[in-house]
Amino acid sequence: MADDRAQLDRGGYGERVADVLRDRITEGVFPPGTRLSEEALREALGVSRNTLREAFRLLSHEGLLTHEFNRGVFVRELTADDVRDLYAIRRILEGAAVRGVNFAPPGAVERVREAVEAAEEAASRGAWVEVGTANMRFHQAVAGLAGSRRVSETVRRLLAELRLVFLVMSAPREFHEPYLKTNREIYELLAAGNAKAADKALAVYLDAAERQLLGAFGR
C-alpha cells in the first residue's frame, strides 16, 4: 500500500484513509473475513491510530467492516438477504440514471465506454479479477449518468459491499464473462440515446446477476 500512502497527507484524515481502504476492498485486495491489522495499516499508510480508527468507524457504518470484541476489525461477510437488498437499491438508482441518459452531464456516457473497454482488455489477458474491477467501474459510470454527487457516492458504497458478494464466486471467469457482451450492448444503447431499451437491458442484467449470486450462496 505504499502508493496509497502517497495519496495521504502526513498524519492523514479519516475520510481519505476510508477512501483508500474502500477502494482496496472493492478491488478484492481484502477479501471477506480478512482481519485488518491496525499496526500493519498504520505503518503502511503512515497515519495515526485515531485516524485509522475513524476510517474503520466510517467503513463499519457503511457495512463493509465489522468489529468483533477482543478479536479486532474484519471485512464483513455478507448474506443472501444482503444480496437481495443490494440489488433492490441498485435497480432504483442505476435504473433511474439510465432512464435519464439524454440529460446526462458531458462525458458521462464516455466514462461508461471507457469502463467497457477496460473490462474487454482485461478479459483478453485472462485477468478476470481485473474484469470484475472494471465491471464495478462500469456500474459506477452508469450511476454517473444521473449527474448527482449523492447518487454516485451511494452507488460507490453499494458497489464496495457488492464486491464482497462477488468474492463468493469460485470461478470469476464464469461469473464475469457473460456480462462483457451485455455491458457493451448497454453502452451502445446509451450512446444512441435509447433510454428505454438500455433500461430494459440493465434490468435483465441485474436480475440474472442476482440469481447467480443467490445460487452461489445456496451452494
Requested in this report: Tell me, yes or no, whether the heavy-atom count around His61 atom NE2, taken from other residues, nucleotides or ligands under 6.0 Å, exceeds 12.
Outcome: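 Atom NE2 in His61 is not crowded, with 12 or fewer foreign heavy atoms closer than 6.0 Å.
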Report task. Please say whether more than 12 non-hydrogen atoms of neighbouring residues, nucleotides or ligands are located less than 6.0 Å from CZ in Arg157. Result -> yes
Would you call [X] and [Y] a salt bridge, using N to O less than 4.0 angstrom?
X: Arg111; Y: Glu114; answer: no
X: Arg22; Y: Glu62; answer: yes
X: Glu161; Y: Arg76; answer: yes

Query raised in the report: Between Glu39 and Arg42, is a salt bridge (Lys or Arg N to Asp or Glu O under 4.0 Å) present by the stated rule, with each step listed?
Result: CA-CA 5 Å; Glu39 293 304 316; Arg42 284 179 56 216; 3.2 Å; yes
Hey, could you give me the [atom1]/[atom2] distance between [X] and [Y], rounded to the nearest 0.5 Å?
X: Phe56; Y: Phe74; atom1: CZ; atom2: CZ; value: 11.0 Å
X: Arg99; Y: Leu145; atom1: CZ; atom2: CG; value: 12.0 Å
X: Leu52; Y: Leu21; atom1: CG; atom2: CG; value: 6.5 Å
X: Glu15; Y: Glu54; atom1: CD; atom2: CD; value: 7.5 Å
X: Ile89; Y: Glu94; atom1: CD1; atom2: CD; value: 10.5 Å
X: Gln212; Y: Glu174; atom1: CD; atom2: CD; value: 7.0 Å

Query raised in the report: Hey, mind stepping through Arg84 and Asp81 against side-chain contact (heavy atoms from CB on, under 4.5 Å) and telling me if it holds?
Result: CA-CA 5 Å; Arg84 296 184 184 95; Asp81 284 341; 2.8 Å; yes
Side-chain heavy atoms under 4.5 angstrom apart, residues restricted to Ile, Leu, Val, Met, Phe, Trp, Tyr: same cluster for [X] and [Y]?
X: Leu206; Y: Leu162; answer: yes
X: Leu58; Y: Leu65; answer: no
X: Leu86; Y: Ile92; answer: yes
X: Leu93; Y: Val109; answer: yes
X: Val151; Y: Leu158; answer: yes

Distance-minimising heavy-atom pair for [X] and [Y]:
X: Asp19; Y: Arg156; answer: OD1-NH2, 3.4 Å
X: Pro32; Y: Leu164; answer: CG-O, 3.4 Å
X: Trp128; Y: Ala123; answer: CH2-CB, 3.8 Å
X: Leu214; Y: Ala80; answer: CD2-O, 3.6 Å
X: Leu202; Y: Gly95; answer: CD2-N, 3.9 Å
X: Ala108; Y: Gly144; answer: CB-O, 4.1 Å

Requested in this report: Determine which pairs satisfy salt bridge (Lys or Arg N to Asp or Glu O under 4.0 Å) with at least one residue from residues 124-135, sequence neighbours left out, and list them in order.
Outcome: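 Pairs touching residues 124-135 that pass the test: Glu121-Arg125, Arg125-Glu130.
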Query raised in the report: Quick one: do the Tyr205 and Glu185 side chains pair a donor with an acceptor below 3.5 Å?
Result: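 Note: Tyr205 and Glu185 side chains miss the donor-acceptor criterion.
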Query raised in the report: Could you walk me through whether Arg57 and His67 pass the side-chain contact (heavy atoms from CB on, under 4.5 Å) check?
Result: CA-CA 9 Å; Arg57 186 190 67 78; His67 182 272; over 6 Å; no
**Report entry** side-chain contact (heavy atoms from CB on, under 4.5 Å) evaluation trace for Val83 with Leu78
**Finding:** CA-CA 8 Å; Val83 172; Leu78 274 68; 5.8 Å; no
**Report entry** cation_pi(Arg184, Tyr187) dist<6.0 Å, angle<=45
**Finding:**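 Judged by the rule (NZ or CZ under 6.0 Å from the ring centre, within 45° of its axis), Arg184 is not positioned above Tyr187.
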Requested in this report: Evaluate the side-chain contact (heavy atoms from CB on, under 4.5 Å) criterion for residues Arg90 and Glu210: first the C-alpha distance (whole Å), next the side-chain angles of each, then the deciding distance (0.1 Å), finally the verdict.
Outcome: CA-CA 11 Å; Arg90 289 184 69 197; Glu210 181 182 20; over 6 Å; no
Query - Pairwise side-chain contact, Met136 with Thr133, heavy-atom cut-off 4.5 Å (strictly under) - result: no
Query raised in the report: Can you check whether Arg71's main-chain N or O pairs, donor with acceptor, with Arg35's side chain at less than 3.5 Å?
Result: yes
Query raised in the report: Counting N and O atoms only, with roles assigned by atom type, does the side chain of Asp85 sit under 3.5 Å from a partner on the main chain of Asp82, one being a donor and the other an acceptor?
Result: no
